[in-house]
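Because the structure is predicted, anything quoted here is derived from the model rather than measured.
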Amino acid sequence: MQPPAIDDLASRPLHALQRMLANYDGRNHGQLFSTVAAHFGKLGASDHIQQVPILSHDTADTIPANTLVRFRGMVVDMFNPEFFVGAYRATGGPWRAAALYTDAVPDDMDAAAESSIMERRPLLLTPVPHEQPWATAAWAGQPVEPATPSATDRYKRAREPSCSDLADPASLSSS
């Protein structure tokens, strides 16, 4: 099997996954997941990662279905494991992805001669709380706005004199 092109990983991730399933034997889930992680890891290590849209509250309605997205957040909770049909194949046909990395089950899965049950652990993620705009921009690969000068860089006004400053030191020593 020829590995999927990096452009396919970013623009058509499910198509790239189907190509990776060509060598899947239906039993070794660890090998499949390590292959997927290795291929998509190449995308993260390249400049093509900028093609992958960032999922946020503002962009959720504009991103088409079955699109690979980036999300930066914190794990808040881990739910109970889910068991699902991850891959299937018709008699003598190639393995195809079922609910692996999608929420929908294909229509032709009823005719499957073999299926592979897999497990996943759903996570509840939340955006990073109180993240500053410059941190978000840096993560998204956008230019970072220059920081405003800190309090120590600004001009400080002179301290107002207090009662002890007004007293004449000579008069204090003579008493």
Whether over 12 other heavy atoms sit under 6.0 Å from Asp107 CG: no
field: Gap separating the CD atom of Glu119 from the CG atom of Asn80, nearest 0.5 angstrom
entry: 10.5 Å
message: So does Gly86 get a backbone contact from the side chain of Ser116, meaning a donor-acceptor N/O pair under 3.5 Å?
response: no
- line: Distance col, row Met74:CE vs Leu124:CG, nearest 0.5 angstrom, shows 11.0 Å
message: In this structure, would Phe83 and Leu123 fall into the same cluster of hydrophobic residues linked by side-chain contacts under 4.5 Å?
response: no
query: Stepwise, does the side-chain contact (heavy atoms from CB on, under 4.5 Å) test hold for Arg19 with Arg12?
result: CA-CA 11 Å; Arg19 291 185 59 195; Arg12 302 182 323 162; over 6 Å; no
task: Could you check if a side-chain atom of Ser56 sits within less than 4.5 angstrom of a side-chain atom of Phe71, using non-hydrogen atoms only?
output: no
Shortest non-hydrogen separation from Arg120 to Ala99 and the atoms involved: NH1-O, 3.0 Å
message: With a 4.5 Å cut-off on side-chain heavy-atom distances among I, L, V, M, F, W and Y, is there a chain of contacts connecting Ile49 to Leu55?
response: no
message: Let me check something: do Val69 and Leu43 share a hydrophobic cluster, defined by ILVMFWY side-chain heavy atoms less than 4.5 Å apart, either directly or through other members?
response: no
- line: Heavy atoms of Pro53 and Leu68 approach each other most closely as CD-O, 3.4 Å
Same apolar cluster (I L V M F W Y, side chains within < 4.5 Å links), Leu125/Val128: no
query: Is the closest side-chain heavy-atom distance between Met109 and Arg96 below 4.5 Å?
result: no
- request: Take Phe40 and Met20 through the side-chain contact (heavy atoms from CB on, under 4.5 Å) test and state the conclusion after the steps.
  value: CA-CA 11 Å; Phe40 281 94; Met20 288 180 227; 3.7 Å; yes
message: Check Glu82 with Arg121, please: is the shortest side-chain N to carboxylate O separation under 4.0 Å?
response: no
- prompt: Is there a side-chain contact between Pro13 and Tyr101 (heavy atoms, below 4.5 Å)?
  reply: no
N/O donor-acceptor pair under 3.5 Å between His29 side chain and Ile117 backbone: yes
message: Quick check against the 3.5 Å criterion: does Thr67 have a side-chain atom that pairs as donor or acceptor with the backbone of Ile63?
response: no
message: Do Leu32 and Leu100 make a side-chain contact, defined as non-hydrogen atoms from C-beta onward lying under 4.5 Å apart?
response: yes
- prompt: Closest heavy-atom contact between Ala113 and Thr91?
  reply: CB-OG1, 3.3 Å
query: Can you get from Phe84 to Phe33 by hopping between Ile, Leu, Val, Met, Phe, Trp and Tyr side chains that sit under 4.5 Å apart?
result: yes
Main-chain N/O of Ala97 paired to Gln18 side chain as donor or acceptor, under 3.5 Å: yes
task: Report the C-alpha separation of Thr59 and Thr62 in whole Å, then their side-chain angles, then the decisive distance to 0.1 Å, and conclude whether the side-chain hydrogen bond (donor to acceptor under 3.5 Å, both in side chains) test is met.
output: CA-CA 5 Å; Thr59 62; Thr62 61; 5.2 Å; no
